[in-house]
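Just the heavy atoms: all of them, side chains too, but no hydrogens, waters or symmetry mates, feed the values below. Positions are given from 1, in the same order as the sequence printed here.
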Amino acid sequence: MPSSDDEKASVKSIRSSFPSDKSIEQAPSVHDQAPDVEDLEKDPALAIAPTASLRPTFSRNATSINTTGTNNPDFEVDWEDGNDQLNPRNWPVWYKGMTIGFVSWSTWCVVVYSTSYTTGLAEMQTDFHISSEPLVTLGVTTYLIGLAVGSMILAPVSEMFGRRPVYIVSMLLFTILIIPCGLASSLPEVVIVRFFGAIAGSAMIANSPGTLADITTDEYRALAFSIWSIGPLNGPTFGPIIGGFSTQYLGWRWTNWIVMMISGVAFGFMCILRETYAPALLRKKAKLRRKAENDERWWSRYDEKKISFLTNLKINLSRPFIMIATEPICIFWDIYIAIIYGILYLCFVAWPYVFTGIRGWSPGISGLAFTGMAIGCFIVIGTEPLIRRMINNHRKDPETGRVPPEAMVSVVCIAAVLAPIGELWFAWTCVPPVHWIWPILAGIPFGAGNTGVFIYASNYLAQSYGIYAASAMAGNSVIRSLLGGTLPLAGPTMYATLNPHWAGTLLGLIQVAIIPIPVLFYRYGHKIRMKSILIRSMQEDKEKLESKRRSGMRLAKKEKEEDEMARVYSKTAQP
């Protein structure tokens, strides 16, 4: 019979090898090669032996972190328990709220800069002696392309080094690169610098959802996402308002200076923000433990990387494109969201054409025409508790005990109807003699529809792909940014050729034509998900890890019973 100390060490080994439910949810260790239950029964030592990582492949690499899995589990550094305050999910509610507010503000700054540009198009044409309005609109196109390119690069980089350093460096560069735009003497300078500034600013769009996932549980993630969305979803609305008044009273260059000021505040927020990425925190914790105890045996499962930085980057950059080409969920949802996003950005060119060009409003007052959109956005965000209740009323999956991801799509189906209603309403009320209040009111269902699509379609992708959500969202970001950047180029010509009535009708009918996409996924999304090789592979890995964990707990219970028997025997054997 082993000694009590040996028994305790064995139990400790088991506990350290099998993380809690929360750590299973967070960690990319679901890709570890877990032994089957039959193997565990034959050789119980497998239950406490470290798992060996698989070779990096597309279906097995959810993040850029890989472990060798050859270290002593007795010296693994992990969260102390379910209440460890170093774990971002256990931070106080007030600090989580502050974190969400910081990243929302910073994302808002990046998005505001994309649309505030459109209010100064006429003045830029005059200053740079350019006759073509679509040519000046290239500043919007290159900015959105920069956001797409940057998202593909900075998302995997944040998984390698943590969120905070990427945020700090990116916001600093974004703020600095606004200066050349404000001082530019030609349009090419503006277009090129805005492209690189967008690459830097894309860190907020690409990594903010990851930050929310770092600090929230499944139950409150939609609420956190809705609060964060106040920034990015209202950025396109406030951009023309800020740009309109600054252009009218100070000139188009002051649009840059105002954004630079608010971006400087955002940079300060990022310097205050604590790291939220669990692998980065555990790597640091293990490093400090090794230094404090002068013992190199302390380790975390995120310490060592089996592949080089460039290989890791290559895997992370290629995976979203592979998913776009092979995953039916990504194919259809990327197309749907991209069309909705492209029409939204086309409106930021078309609405000034209507209110400034036809109704004769000043740039500042014309920017206020987007107020209806903002109201619609806030209505969706403010009713999140009611929407969550509606989602939770769906039938729960008997295997997981939770509502399926398709419950999210029920909200998208409603939003998919609201968006074309707003677009068609605007199309036939936007010009005189109809009173100006009616096209502004049309922005309410239009804004609510766009907001519902972005929030809950994104949640559907994230919940469907789980640990692959970053790649799914990165691919979606590329497609929607490319369409959102190119479609506005056609705006002035289309509205001038077709007139606002029929141009808006065309856009509204396109949105009506794609309504079947969310409806079909609401009805048959479960079957579509089950045909995904990637999702099935993810579920199999999770089931293996759960089986491994349950077997380890059984072994720990058995050893505890043997320990109790040994104690009873030692007491009865005493004279």
Side-chain angles (χ1 to χ4, degrees), residues 108 111-112 114-119 140 226 229-245 247-248 339-384 386-387 411-412 414-456 484 487-488 491 495 500-501 503-512:
W108 179 76
V111 180
V112 159
S114 68
T115 57
S116 62
Y117 174 88
T118 60
T119 59
V140 177
S226 296
S229 297
I230 293 174
L233 292 180
N234 282 284
T237 303
F238 281 90
I241 296 175
I242 295 172
F245 281 107
T247 299
Q248 180 178 348
I339 292 174
I340 295 294
Y341 194 79
I343 292 176
L344 173 64
Y345 264 80
L346 180 57
C347 289
F348 293 111
V349 176
W351 286 35
Y353 173 86
V354 169
F355 287 102
T356 303
I358 296 178
R359 289 187 177 267
W361 291 14
S362 65
I365 301 300
S366 179
L368 292 176
F370 293 94
T371 305
M373 280 194 198
I375 293 173
C377 177
F378 279 110
I379 288 175
V380 174
I381 294 172
T383 56
E384 191 279 335
L386 298 177
I387 294 175
V411 184
V412 182
I414 298 173
V417 175
L418 290 175
I421 287 176
E423 181 63 41
L424 293 171
W425 179 350
F426 177 83
W428 291 98
T429 61
C430 61
V431 298
V434 180
H435 193 273
W436 55 265
I437 191 61
W438 293 108
I440 292 178
L441 291 176
I444 296 177
F446 185 74
N450 279 277
T451 302
V453 167
F454 294 143
I455 291 178
Y456 293 97
L487 199 55
Y495 269 75
H501 290 319
T505 300
L506 175 63
L507 298 177
L509 292 178
I510 291 175
Q511 290 180 321
V512 171

Could you tell me the separation between the [atom1] atom of [X] and the [atom2] atom of [Y], rounded to the nearest 0.5 Å?
X      : Y      : atom1 : atom2 : result
Tyr495 : Tyr353 : OH    : OH    : 10.0 Å
Leu418 : Glu423 : CG    : CD    : 13.5 Å
His501 : Cys430 : NE2   : SG    : 6.0 Å
Ile242 : Thr247 : CD1   : OG1   : 11.0 Å
Phe370 : Phe238 : CZ    : CZ    : 12.5 Å
Leu509 : Leu424 : CG    : CG    : 6.0 Å

(message) Could you tell me if Trp428 and Thr505 have a donor-acceptor pair between their side chains, going purely by distance under 3.5 Å?
(response)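 Note: Thr505 and Trp428 side chains meet the donor-acceptor criterion.
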| Heavy-atom donor-acceptor pair, Ser116 side chain to Gly239 backbone, under 3.5 Å |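 Looks like no, no N/O pair under 3.5 Å.
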Exercise. Yes or no on side chain to side chain contact (heavy atoms under 4.5 Å, CB included) for Phe426 and Trp351, after CA distance, side-chain angles and deciding distance?
Worked result: CA-CA 10 Å; Phe426 177 83; Trp351 286 35; 3.5 Å; yes
Run the side chain to side chain contact (heavy atoms under 4.5 Å, CB included) check on Ile379 and Ile375 step by step: do they pass? CA-CA 6 Å; Ile379 288 175; Ile375 293 173; 4.0 Å; yes
Practice task
Apply side chain to side chain contact (heavy atoms under 4.5 Å, CB included) to the pair Ser366 and Arg359, showing each step before the final yes or no.
Solution key: CA-CA 9 Å; Ser366 179; Arg359 289 187 177 267; over 6 Å; no
Which pair of heavy atoms, one from [X] and one from [Y], lies closest together, and at what distance?
X      : Y      : result
Met373 : Leu344 : SD-CD1, 4.1 Å
Ser362 : Gln248 : OG-OE1, 3.2 Å
Ser114 : Val140 : O-CG2, 4.1 Å

Side-chain donor-acceptor pairs of residues 438-455 under 3.5 Å, sequence neighbours excluded:
residue : atom : partner : partner atom : Å
Asn450  : ND2  : Phe446  : O            : 2.7
Thr451  : OG1  : Gly447  : O            : 2.8

| Hey, does Pro432 have a side-chain heavy atom less than 4.5 Å from the side chain of Ile358? |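 Of all side-chain heavy-atom pairs linking Pro432 with Ile358, at least one is under 4.5 Å.
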Just wondering, do Leu368 and Phe245 contact through their side chains at under 4.5 Å, heavy atoms?
->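 Phe245 reaches Leu368 side chain to side chain.
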